[in-house]
Amino acid sequence: MSFHLCSSPSSLLHDPNLFSVHPKPTPRTIFSSYNPNSPPFHSRNLLQTIHVSIQEAIPQETHIEKPKLDAASKRNAWVNPKSPRASQLRRNSYDSRYSSLVKLAESLDACAPNEADVSDVITKFGSNLFEQDAVVTLNNMTNPETAPLVLINLLETVKPSREVILYNVTMKVLRKSKDFDKAEKLFDEMLQRGVKPDNATFTTLISCARQCGLPKRAVEWFEKMPSFGCEPDNVTLAAMIDAYGRAGNVEMALSLYDRARTEKWRIDAVTFSTLIRIYGYSGNYDGCLNIYEEMKSLGVKPNLVIYNRLLDSMGKAKRPWQAKIIHKDLISNGFEPNWSTYAALVRAYGRARYGDDALVIYREMKEKGLELTVILYNTLLSMCADIGYVDEAFEIFQDMKSCGTCEPDRWTFSSLITVYSCCGRVAEAEAALLEMREAGFEPTLFVLTSVIQCYGKAKQVDDVVRTFDQVLELGIEPDDRFCGCLLNVMTQTPREEIGKLIECVAKAKPKLGHVVKMLVQDESCEEGVLKKEASELIDSIGSDVKKAYLNCLIDLCVKLNKLEKACEILQLGMECDIYSSLQSKSATQWSLHLKSLSLGAALTALHVWMNDLTEAALASGEEFPPLLGINTGHGKHKYSDKGLAAVVESHLKELNAPFHEAPDKVGWFLTTSVAAKEWLESRRLSGEVSA
């Protein structure tokens with residue numbers, strides 16, 4: 001509740017309640033109605049309150065006699081006190097007095113911080129100071145060096161009936177200058193003089209600590225209140241939601257907020273901002289949005305800090321669509337995005353791989369002359385590497401080098417090399433690697449993995465082997481991802497050169513090398529041996545690469561025309577739940593889902609499904625549903641013009657299968673049960689079905 005003492009002459013000298021003593025409530029502890037074990041808020045009950053500031057809350061002051069005009073200001077002529085002229089005369093007199101006190105405060109601010117000069121300025125004022133004059137004077141001061149000296153002088157000369165008021169307004173001067181140490185020192189002097197602090201004293205100290213960025217000190221002063229017989233009002237308690245949140249006591253902050261919603265406290269935007277930060281740090285991103293919606297329903301206008309925190313939270317949650325909505329709200333409410341806004345948007349769109357949106361924000365920042373940090377540049381480059389924006393990555397890298405405010409680091413070069421490697425641009429990747437070394441950064445295993453991928457796409461097998469040897473020479477131990485990259489390169493290598501890579505794989509991961517040799521060799525192994533060895537391999541690698549390994553192993557089998565071995569690896573993947581839900585059945589449709597598979601694995605799964613359909617329809621006599629469908633998804637590989645849908649469609653045409661792309665379901669190929677049975681029967685008769 002904002003309360004500026006003497007903000008205007010009339011508000012100071014006419015308000016009969018300004019210095020009135022508030023009735024003291026029945027003593028109780030701060031937490032008498034607070035249960036720390038109460039559950040955090042889950043409902044969305046909305047507080048019907050109005051928005052007020054709690055930064056300068058003073059809940060109570062004391063009453064002093066109505067001011068008396070000195071003799072020099074009295075009129076000799078009698079004026080009817082009920083006449084309009086009397087009211088005007090009183091106002092003119094009060095305004096004149098207030099203006100002179102403001103000038104006195106300015107003179108005291110400007111004088112040297114010593115007792116003699118302070119006393120001299122007060123003496124030269126030329127009239128006796130009343131108690132309320134002392135309050136007005138101190139309240140209008142801004143100099144933290146002279147204000148305590150003025151306080152001492154006025155305490156001795158004015159001898160106020162309630163000294164605590166002068167101490168409180170002096171603390172407000174120290175709060176204006178954010179001098180918390182002096183405020184605490186003044187509190188100690190106050191106790192030494194035998195002056196008992198009141199609620200306003202603690203409220204001022206707490207708000208001073210908050211403004212100085214000292215939430216833990218605010219908590220300490222808040223928790224001292226009961227020992228001085230003071231009980232915080234709702235305004236102070238609402239402020240403590242922010243203080244506890246900033247101090248790291250999340251449980252207390254949320255419990256106070258729960259109580260605030262029940263008791264209808266008035267909460268300002270700063271406290272809502274802290275609540276959003278608390279929920280964001282804890283990963284409760286729905287909680288962030290709930291706070292945002294609740295504050296809007298209460299009529300509390302979000303500020304730019306709140307919008308930025310919401311955008312940051314939605315970026316961490318990978319919810320770019322909600323970041324878009326919040327950004328639009330920010331603009332529609334008349335706010336101008338600042339650097340923090342744009343940075344949060346770059347992170348939100350970049351992490352979620354919203355490439356076009358991220359680039360729009362990036363270019364808007366450049367147009368406005370806003371500088372990007374290394375982290376923001378790297379976020380954009382990493383995004384470009386993931387979604388295949390090669391030209392855009394080069395543009396961003398060149399801008400970073402020429403901006404003059406930051407230099408590329410190890411992660412910058414790593415992302416740039418990844419971009420070039422994934423599309424097989426050998427010359428550009430080698431140039432970036434050389435520039436990285438010249439900048440003083442030795443390539444990491446991640447970078448060398450990307451380089452191997454680049455040489456593999458360009459079918460430069462000898463360079464792959466050379467880079468592999470370099471990894472071993474540097475004493476770097478190949479990890480699962482590196483070995484997976486070698487395996488992937490093998491699927492793109494001409495058959496006559498695969499042997500070179502098998503040797504590399506065997507050195508890097510002997511178990512993988514053994515399985516690959518079993519796949520490549522022409523002789524068939526004993527039944528179940530390949531599956532057993534592959535199972536042991538899968539058990540030895542991380543869960544994040546299991547599917548990639550199986551995809552590559554199947555792709556290699558398909559490349560070498562070893563369909564039976566491909567089916568065996570696919571079966572292992574299904575049994576290990578690495579390939580889950582490939583097939584589904586309902587009363588109306590049987591479906592094959594290929595979206596998560598590589599090209600070779602997808603064709604193998606299609607082959608198995610066709611055989612399963614043949615068995616169901618022709619051998620078991622099982623009835624088909626009205627529709628059969630194949631779901632390939634509708635995307636294409638980020639670094640290739642080939643999409644899974646195009647490959648499957650081409651293969652279906654080769655098989656003369658009656659599946660056709662559905663016009664209303666992108667990525668689906670459908671057929672009827674009648675057409676499917678006829679095709680399967682003709683396929684059986686022609687001997688195309690595998691045993």
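Computation of the quantities below employed the complete heavy-atom set of this structure, encompassing side-chain atoms and omitting hydrogens, waters and symmetry-equivalent molecules. Source: prediction; values computed, not measured.
Considering CG of Leu572 and NZ of Lys546, their distance stands at 10.0 Å, rounded to 0.5 Å. Between atom CG of residue Leu311 and atom OG of residue Ser340 there is a gap of 10.5 Å, rounded to the nearest 0.5 Å. Here Met314 contributes atom CE and Trp321 contributes atom CH2; the two are 9.5 Å apart, rounded to the nearest 0.5 Å. Between the CG atom of Asp399 and the NZ atom of Lys366 there is a distance of 3.5 Å, given to the nearest 0.5 Å. If you take CZ on Phe669 and OG on Ser591, they are separated by 13.5 Å, rounding to the nearest 0.5 Å. Between Leu512 atom CG and Ile541 atom CD1 the span is 8.0 Å, to the nearest 0.5 Å.
Side chains of Glu442 and Met436 form no contact here, defined as non-hydrogen atoms less than 4.5 Å apart. The shortest distance between side-chain heavy atoms of Glu435 and Phe397 falls below 4.5 Å. Residues Leu594 and Asn631 form no side-chain contact, since every pair of their non-hydrogen atoms from C-beta on lies 4.5 Å or further apart. When side chains are defined from C-beta on, Leu310 counts as touching Cys288, because their heavy atoms get closer than 4.5 Å. When side chains are defined from C-beta on, Leu254 counts as touching Tyr279, because their heavy atoms get closer than 4.5 Å. Counting heavy atoms from C-beta on, the side chains of Phe222 and Arg217 never come closer than 4.5 Å. Contact check for Leu582 versus Tyr579: side-chain heavy atoms found under the 4.5 Å cut-off. Residues Arg210 and Pro215 are not in side-chain contact: their nearest non-hydrogen atoms beyond the backbone lie 4.5 Å or more apart.
Among all heavy-atom pairs drawn from Gly355 and Met383, the shortest one is CA-SD, 3.6 Å. Pro320 approaches Tyr349 most closely through the heavy-atom pair O-CE2, 3.7 Å. A pairwise comparison of heavy atoms in Gly456 and Val464 identifies N-CG2, 3.8 Å as the closest pair. Between Ser421 and Val451, the shortest heavy-atom distance links the atoms OG-N, 3.9 Å. The minimum heavy-atom distance between Ala605 and Leu570, with the atom names listed, is CA-CD2, 3.6 Å. Annotation for Leu416 and Ala432: closest pair CD2-CB, 4.1 Å, computed over non-hydrogen atoms.
At most 12 heavy atoms of other shown residues, nucleotides or ligands fall within 6.0 angstrom of atom NZ in Lys318. The number of heavy-atom neighbours closer than 6.0 Å to CD of Glu407, taken from other residues, nucleotides and ligands shown, is 12 or below. The number of heavy-atom neighbours closer than 6.0 Å to CD of Glu371, taken from other residues, nucleotides and ligands shown, is 12 or below. Counting heavy-atom neighbours within 6.0 Å of Leu474 CG, excluding the residue itself, gives a total above 12.
The existence of a salt bridge linking Glu336 and Lys368 is confirmed by a sub-4.0 Å separation between a basic side-chain nitrogen and an acidic carboxylate oxygen. In summary, Asp286 and Arg319 engage in a salt bridge, as defined by a charged side-chain N under 4.0 Å from a carboxylate O. Taking 4.0 Å as the cut-off between side-chain N and carboxylate O, Glu477 and Lys509 do not count as a salt-bridged pair.
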- Message: Under the criterion side chain to side chain donor-acceptor pair (under 3.5 Å), I'd like the reasoning laid out for Tyr455 against Glu430: C-alpha separation, chi angles, the key distance, then a yes or no.
- Response: CA-CA 10 Å; Tyr455 287 136; Glu430 289 179 335; 2.5 Å; yes
- Is there a side chain to side chain contact (heavy atoms under 4.5 Å, CB included) between Asn333 and Lys301 once you walk through the steps? CA-CA 9 Å; Asn333 285 325; Lys301 292 184 178 180; over 6 Å; no
- Message: side chain to side chain contact (heavy atoms under 4.5 Å, CB included) for Tyr377 and Thr373? Distances and angles first, verdict last.
- Response: CA-CA 6 Å; Tyr377 275 118; Thr373 63; over 6 Å; no
- Apply the test side chain to side chain contact (heavy atoms under 4.5 Å, CB included) to residues Lys178 and Cys208: give CA-CA distance (whole Å), side-chain angles for both, the deciding distance (0.1 Å), then the verdict. CA-CA 6 Å; Lys178 296 185 178 180; Cys208 182; 5.9 Å; no
- Message: As a quick check of understanding, evaluate side chain to side chain contact (heavy atoms under 4.5 Å, CB included) for Leu381 and Val419, giving each step before the final call.
- Response: CA-CA 8 Å; Leu381 286 171; Val419 170; 6.0 Å; no
- Criterion salt bridge (Lys or Arg N to Asp or Glu O under 4.0 Å) on Glu395 and Arg363, from CA distance to verdict: CA-CA 11 Å; Glu395 173 195 342; Arg363 294 191 173 110; 3.0 Å; yes
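Using a distance-only test at 3.5 Å, with no hydrogens or angles considered, no donor-acceptor pair links the side chain of Arg481 to the main chain of Leu445. No donor-acceptor pair closer than 3.5 Å links the side chain of Ser650 to the backbone N or O of Val647. Looking only at distances, no side-chain donor or acceptor of Asp555 sits under 3.5 Å from a matching main-chain atom of Thr491. A donor-acceptor pair is defined here as one N or O able to donate and one able to accept, closer than 3.5 Å; such a pair exists between the side chain of Ser297 and the backbone of Glu294. Distance alone, capped at 3.5 Å, is enough to place a donor-acceptor pair between the Tyr549 side chain and the Asp480 backbone. No side-chain donor-acceptor contact under 3.5 Å links Ser415 to the backbone of Thr412. Using a distance-only test at 3.5 Å, with no hydrogens or angles considered, no donor-acceptor pair links the side chain of Trp339 to the main chain of Leu370. No donor-acceptor pair closer than 3.5 Å links the side chain of Asp577 to the backbone N or O of Ser580.
Under 3.5 Å, the side chains of Asp356 and Tyr389 contain a donor-acceptor pair of N or O atoms. Counted by atom type alone, Asp329 and Tyr292 present one or more donor-acceptor pairs between their side chains at under 3.5 Å. Remark: the Thr444 side chain and the Arg410 side chain contain no N/O donor-acceptor pair separated by less than 3.5 Å. Neither side chain, Arg351 nor Thr379, offers a donor N or O lying under 3.5 Å from an acceptor on the other. Residues His593 and Ser584 have side chains that bring a donor and an acceptor to within less than 3.5 angstrom of each other. Ser255 and Asp258 form no side-chain donor-acceptor contact under 3.5 Å, judged by distance and modelled atom types alone. Side-chain atoms of Arg309 and Thr274 include no donor-acceptor pair closer than 3.5 Å. For the residue pair Thr418 and Ser450, a side-chain donor N or O sits within less than 3.5 Å of a side-chain acceptor on the partner. There is no side-chain donor-acceptor pair under 3.5 Å between Asn488 and Asn551.
Note on ring orientation: taking the six-membered ring where Trp is involved, the planes of Phe272 and Tyr257 are perpendicular (angle over 60°, cut-offs 30° and 60°). Between Phe413 and Phe441, the ring planes lie tilted relative to each other; the angle falls in the 30° to 60° range.
Considering Leu275, Thr271, Ile306, Ile278 in turn, Leu275 is the only one that fulfils the side chain to side chain contact (heavy atoms under 4.5 Å, CB included) rule with Ile291.
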